[in-house]
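Residue numbers start from 1 in every chain, and the chains themselves are labelled A, B, ... in the order their sequence lines are given, proteins ahead of strands. Any value given below was found using the heavy atoms of this structure, including those in side chains, with hydrogens, waters and symmetry copies removed.
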There are 2 protein chains.
Amino acid sequence: MSQSTGGTRERIKAVALELFTEQGYEATSLREVAERLGVTKAALYYHFKSKDEIVTSVVEDRLERMDTLITWAESQPATLATRRAVIERYADAMFSGEQPSVMRFFEQNQTALKSLSAGRELRDRMFRLATALCQGDDSPGAQLRAVLALFAVHSSWFAVRTPDITDAERKQVALEVADELLAAIAEPPTRVPDLSGRNS
Amino acid sequence: MSQSTGGTRERIKAVALELFTEQGYEATSLREVAERLGVTKAALYYHFKSKDEIVTSVVEDRLERMDTLITWAESQPATLATRRAVIERYADAMFSGEQPSVMRFFEQNQTALKSLSAGRELRDRMFRLATALCQGDDSPGAQLRAVLALFAVHSSWFAVRTPDITDAERKQVALEVADELLAAIAEPPTRVPDLSGRNS
DNA sequence: GTCTATAGGTGGATAGAC
DNA sequence: GTCTATCCACCTATAGAC
């Protein structure tokens with residue numbers, strides 16, 4: 001309601017995120033952001049010292065959440081149950097709060113993010129999470145499936161074009177497909193004796 | 001060898017594509033393109049009348065190939081065999097010639113392409129192809145799986161980080177995962193006399 | 001905290017010589 | 001077919017008034 005104190009900084013982040021996602025980071029000027037907020041460019045520079053600091057600020061808490069999830073994932077046993085729990089937590093985050101906007105921004109600005117340290121870090125976390133999803137099976141197939149499981153969660157936002165579908169339904173479908181992919185990742189190189197003896 | 005006639009236009013396309021993919025369309029200036037070619041900006045404008053015409057030109061033949069594939073896909077019966085054949089043809093294209101570069105460019109520049117007509121068309125073709133992959137099953141799950149099958153082919157380029165892996169191996173893994181996804185799309189409401197009688 | 005004004009630079013694009 | 005020179009719009013970022 002009131003944008004008295006500190007509110008402006010958040011409003012800037014929100015508007016910038018929206019425009020960066022719609023039009024791209026490079027294609028969006030701070031003039032546009034300022035105009036939509038009804039202020040001038042100079043005002044933005046009071047709150048952020050540069051354009052990419054806005055991105056950094058936006059990505060920051062997302063990074064922390066990813067770190068938490070990765071750490072947790074790595075500490076769990078390399079079982080299918082763990083993988084499913086990880087992707088479910090990931091989906092929970094993606095379907096709640098403002099995280100979806102951040103991740104849509106991330107998807108839509110891969111190139112721009114390559115030259116932004118915050119972007120490179122976020123990218124790094126995605127790979128780390130994918131790697132955590134393959135604990136115990138680093139075969140190419142497993143790596144691909146892990147990445148696709150994550151992407152299933154992301155792409156459910158745009159890939160499913162059924163009209164009137166709810167967010168909950170999107171999430172459910174995403175998890176269903178993700179689970180399928182994760183199930184095809186081999187269980188850990190468990191030291192369980194190989195009963196059959198057939199193996200490549 | 002010789003860049004006498006017409007060769008320059010192709011060289012421009014190749015260099016531009018490379019830079020647009022690496023750095024992004026918006027972030028790449030024509031000065032950079034010209035510099036890498038050892039010519040001036042003005043020279044580029046002799047061959048292309050604008051920056052986005054370079055993109056159009058690059059995307060053009062890719063569009064035609066997509067159209068051919070889509071038309072073919074739509075003319076085939078809505079069976080799993082068809083879906084597999086479609087994704088295989090798609091992968092063939094993606095793993096041969098210069099198509100991979102074009103698609104990597106496409107992936108990396110989604111936002112920029114939204115404001116380019118060539119980009120919107122290519123985007124449209126991707127959705128059309130995904131739709132063709134779900135003939136007979138327009139459920140959310142099918143839509144998601146179709147998109148992921150296509151993305152499996154794309155992402156095999158970066159998702160698989162196994163060292164020394166060959167392109168052929170990447171392709172094989174991509175198809176394996178894609179087939180898995182496509183298999184989970186329901187067979188059509190076939191009107192073909194059902195010989196066995198068992199069906200959902 | 002927000003403004004006006006402006007510095008300092010780069011971008012896409014064009015005119016016209018060679 | 002390529003160059004030099006140039007236009008003009010716009011961008012990020014800063015200085016300094018209010």
(request) Would you jot down, in residue-number order, the residues of residues 19-30 of chain A having a non-hydrogen atom under 4.0 Å from DNA chain D? (result) A/T28, A/S29, A/L30

(message) So, using ring-ring contact (aromatic ring centres under 6.0 Å, His included) as the criterion, who are the partners of B/F105 when residues are at least two apart?
(response) none

(request) Using whole Å, report how far CD of A/E32 lies from P of D/dA9. (result) 17 Å

Could you go through residues 94-104 of chain B and list every donor-acceptor pair under 3.5 Å that involves a side-chain atom there, pairing it with any protein atom two or more places apart or in another chain?
unit_1: B/S96; atom_1: OG; unit_2: B/D92; atom_2: O; d: 3.2
unit_1: B/Q99; atom_1: OE1; unit_2: B/R62; atom_2: NH1; d: 2.9
unit_1: B/S101; atom_1: OG; unit_2: B/E98; atom_2: O; d: 3.3

(message) So, does B/Y45 get its side chain near the phosphate of C/dT14, meaning an N or O under 4.0 Å from OP1 or OP2?
(response) no

(message) Between P on C/dT14 and CG on B/L44, what's the gap in Å once rounded to a whole number?
(response) 13 Å

When the side chains of residues 14-24 of chain B are checked against the rest of the protein, which donor-acceptor pairs come out under 3.5 Å, sequence neighbours left out?
unit_1: B/E18; atom_1: OE2; unit_2: B/R36; atom_2: NH1; d: 3.1
unit_1: B/T21; atom_1: OG1; unit_2: B/L17; atom_2: O; d: 2.7
unit_1: B/Q23; atom_1: OE1; unit_2: B/T28; atom_2: OG1; d: 3.1
unit_1: B/Q23; atom_1: NE2; unit_2: B/E32; atom_2: OE2; d: 3.4

(message) How close do B/A174 and A/L144 get, counting heavy atoms only, and between which atoms?
(response) CA-CD2, 3.7 Å

(request) Examine A/L80 and A/V177 and state if one hydrophobic cluster contains both, with Ile, Leu, Val, Met, Phe, Trp and Tyr joined whenever side-chain heavy atoms are less than 4.5 Å apart. (result) no

(message) Would you say B/R31 places a side-chain N or O within less than 4.0 Å of OP1 or OP2 belonging to C/dG12?
(response) no

(message) When you measure from the side-chain N and O atoms of A/T8 to the phosphate of C/dT2, is any distance below 4.0 Å, counting only OP1 and OP2?
(response) yes

(request) Nearest whole angstrom, please: distance from the C1' of D/dG1 to the NE2 of B/H47. (result) 6 Å

(request) For A/R9 and C/dT2, give me the distance from atom CZ to atom C1', rounded to whole Å. (result) 17 Å

(message) In whole Å, I'd like the distance from the NZ atom of A/K51 to the P atom of D/dA13.
(response) 8 Å

(request) Applying ring-ring contact (aromatic ring centres under 6.0 Å, His included), name anything that partners B/F106, two or more places apart in sequence or on another chain. (result) none

(message) Any residue in residues 35-43 of chain B with a heavy atom nearer than 4.0 angstrom to DNA chain C? Just list them by number, or reply none.
(response) B/K41, B/A42

(message) Looking at C/dT2, I'd like to know if its phosphate oxygens (OP1 or OP2) sit under 4.0 Å from a side-chain N or O belonging to A/Y46.
(response) no

(request) Can you sort out the partners of A/K49 under salt bridge (charged side-chain N to carboxylate O under 4.0 Å, His left out), two or more places apart, ordered by chain and number? (result) A/E53

(request) Using the salt bridge (charged side-chain N to carboxylate O under 4.0 Å, His left out) rule, collect all pairs that involve residues 142-160 of chain B, keeping only residues at least two apart or in two chains. (result) A/E176-B/R145, A/E180-B/R145

(message) Using the salt bridge (charged side-chain N to carboxylate O under 4.0 Å, His left out) criterion, which residues pair with B/R161? Sequence neighbours excluded.
(response) none

